[in-house]
Amino acid sequence: MKDQLNRYLFDNIHVRGELVQAHQAYQDIIANHNYPVEVQHLLGELLVATSMLTALLKFEGDIAVQLQGEGPMPLAVVNGNDQQQLRGVARVVGEITTSDLTELFNNKGYMVITITPKQGERYQGIVALDKPTLSECLESYFMQSEQLKTHFWLRVDDQHAAGIMLQALPSDEDQAQASADDYSHLHQLTATIKDQELFELDATDILNRLYHQEEVRVFEPQSLSYVCTCSRDRTEGAIISIGREEAESILSEQGHIEMNCDYCNSSYRFSASDVAKLFNDPQQNDDNIH
Ligand SMILES: [Zn+2]
C-alpha cells in the first residue's frame, strides 16, 4: 500500500475530510532510534497529523510541528513541506511511563506549529498540551484559533500510522456552515472506522465503506514520503560556520570531526585534510556553483 494523503469534500454538507496512510514513512522515522514504544506511537501520530496540517493550513513551503516541555521527553518534532516530504525526531532523556500528554510533559507542555512559506512571512501557532491525546489538543486548537469544529482519528501500532480528519467549513456565499446534525451524522459514520481497516484497506475502499450513502468528492491523492534533508554538503556548511579555530580544536582532540544527523542517524566524518580543504577553498567543494 502506498503512503498517501487523500482529501475529500461532501457535495451537500459543508465539511471536508482527509485520510492519511503513512506506514512506510512511519517505519523510516522510527528506524535506528530504539525509541520506547510510547514515543514511537506519538511520532506516528505526529507524522499523520503533520501531513494533515499541510493540507489544512494551505501553504507552499515548510512546516514544523513540535511538542516541547519538561519531563522524560522534552522534544518531539516532525518537519514537512507541501510536497508531503516528512521527517521527525524525538529526544528522550528519561524513563517513559505514560502516553498521556499531560502526564508526559508534567502539565507544562505545548505544541508549536511553525509555517515557513516560500513567499511571505513565517507564522506560528501555539497550543497547550492540556489534554491526554494529540487529537484532542489539535481539536481544541482549531476550535480556539479558527472556531472550526474538527475531529482527528489518529491510529498507530508498531507497523502502521494512519488517520482521518473531519472539519466543518466556514460558511461562504455558496454554502451555509454544516448544521450540528449534519456534522454529527458524518462524525458518527467516520467514527465507525476500525484500526485494522485504516491500516489494511486502500483509501478508496475506506471512503466507500464509510460514506457509501453520501456524495463524496475525492481529490487527486498526494504521495507522502520520508525524506531527510541532511547531506555531506550541508554538514560541510555547518563545519565552516563553527569557524576554523573551533574546527581545529576538535581535530586536535579527536583526530577527525564526526557529525551525526539527529533525524536519520547518518554520520558524516571529516579527516584533518578534509577540514583543511574546506577552509582553504570552500568554493572548490561546492559543485552547485559551476
Ligand atoms: Zn539525516
Side-chain angles (χ1 to χ4, degrees), residues 22 25-51 53 62-80 86-116 124-138 140-141 152 154-161 163 226-231 234-235 237-239 241-242 246-247 249-250 253-254 256-270:
Y26 172 49
Q27 288 305 312
D28 291 341
I29 275 186
I30 60 177
N32 308 321
H33 280 284
N34 280 322
Y35 292 128
V37 67
E38 293 88 349
V39 173
Q40 291 185 356
H41 290 186
L42 187 59
L43 277 172
E45 290 190 11
L46 201 56
L47 170 70
V48 172
T50 303
S51 165
L53 290 174
D62 298 319
I63 182 170
V65 183
Q66 198 162 326
L67 310 184
Q68 56 190 68
E70 296 177 3
M73 191 198 68
L75 176 73
V77 60
V78 169
N79 301 78
L86 300 131
R87 64 174 185 164
V89 68
R91 192 184 304 144
V92 180
V93 298
E95 196 191 346
I96 310 279
T97 54
T98 177
S99 56
D100 180 316
L101 292 177
T102 59
E103 289 173 20
L104 189 58
F105 289 103
N106 297 330
N107 282 312
K108 287 179 188 148
Y110 49 97
M111 168 164 48
V112 185
I113 300 170
T114 308
I115 308 271
T116 312
Q124 271 190 338
I126 296 185
V127 193
L129 297 174
D130 55 2
K131 309 236 164 21
T133 64
L134 189 62
S135 304
E136 292 167 284
C137 294
L138 285 165
S140 73
Y141 172 69
F152 290 87
L154 303 175
R155 298 286 183 266
V156 176
D157 70 9
D158 296 344
Q159 304 289 324
H160 311 93
Y226 170 86
V227 176
C228 192
T229 48
C230 71
S231 66
R234 285 193 176 207
T235 314
I239 294 175
S241 73
I242 62 171
E246 179 69 25
S249 114
I250 299 172
E253 276 170 31
Q254 299 176 1
H256 64 272
I257 296 180
E258 185 155 338
M259 303 208 19
N260 226 46
C261 172
D262 288 341
Y263 286 85
C264 69
N265 252 330
S266 295
S267 78
Y268 299 93
R269 197 184 162 110
F270 297 84

Side chains of [X] and [Y], heavy atoms from C-beta outward: is any pair under 4.5 Å?
| X | Y | result |
| --- | --- | --- |
| L47 | V156 | no |
| C261 | C228 | yes |
| R91 | D262 | no |
| Y110 | Q66 | no |
| E95 | P72 | no |
| L104 | S99 | no |
| H41 | D158 | yes |
| R87 | Y226 | yes |

Calculate, to the nearest 0.5 Å, the distance between atoms [atom1] and [atom2] belonging to [X] and [Y] respectively.
| X | Y | atom1 | atom2 | answer |
| --- | --- | --- | --- | --- |
| I113 | Y141 | CD1 | OH | 4.5 Å |
| I239 | I257 | CD1 | CD1 | 4.5 Å |
| L154 | L42 | CG | CG | 10.0 Å |
| K131 | L138 | NZ | CG | 11.0 Å |
| E45 | R155 | CD | CZ | 8.5 Å |
| S140 | D130 | OG | CG | 5.5 Å |

Can you name the closest pair of heavy atoms from [X] and [Y] and give their distance?
| X | Y | result |
| --- | --- | --- |
| L134 | A49 | CD2-CB, 4.3 Å |
| Y268 | C230 | OH-SG, 3.1 Å |
| T102 | L129 | CG2-O, 3.8 Å |
| A90 | V39 | CB-CG1, 3.6 Å |
| Y35 | V92 | CD2-CG2, 4.3 Å |
| V127 | C137 | CG1-O, 3.4 Å |

Going through the distances and angles, do N265 and N260 end up as a side-chain hydrogen bond (donor to acceptor under 3.5 Å, both in side chains)? CA-CA 6 Å; N265 252 330; N260 226 46; 3.2 Å; yes
By ring-ring contact (aromatic ring centres under 6.0 Å, His included), which residues pair with H256, not counting sequence neighbours? none
Among T50, T114, V89, which residue satisfies the side chain to side chain contact (heavy atoms under 4.5 Å, CB included) criterion with V77? V89
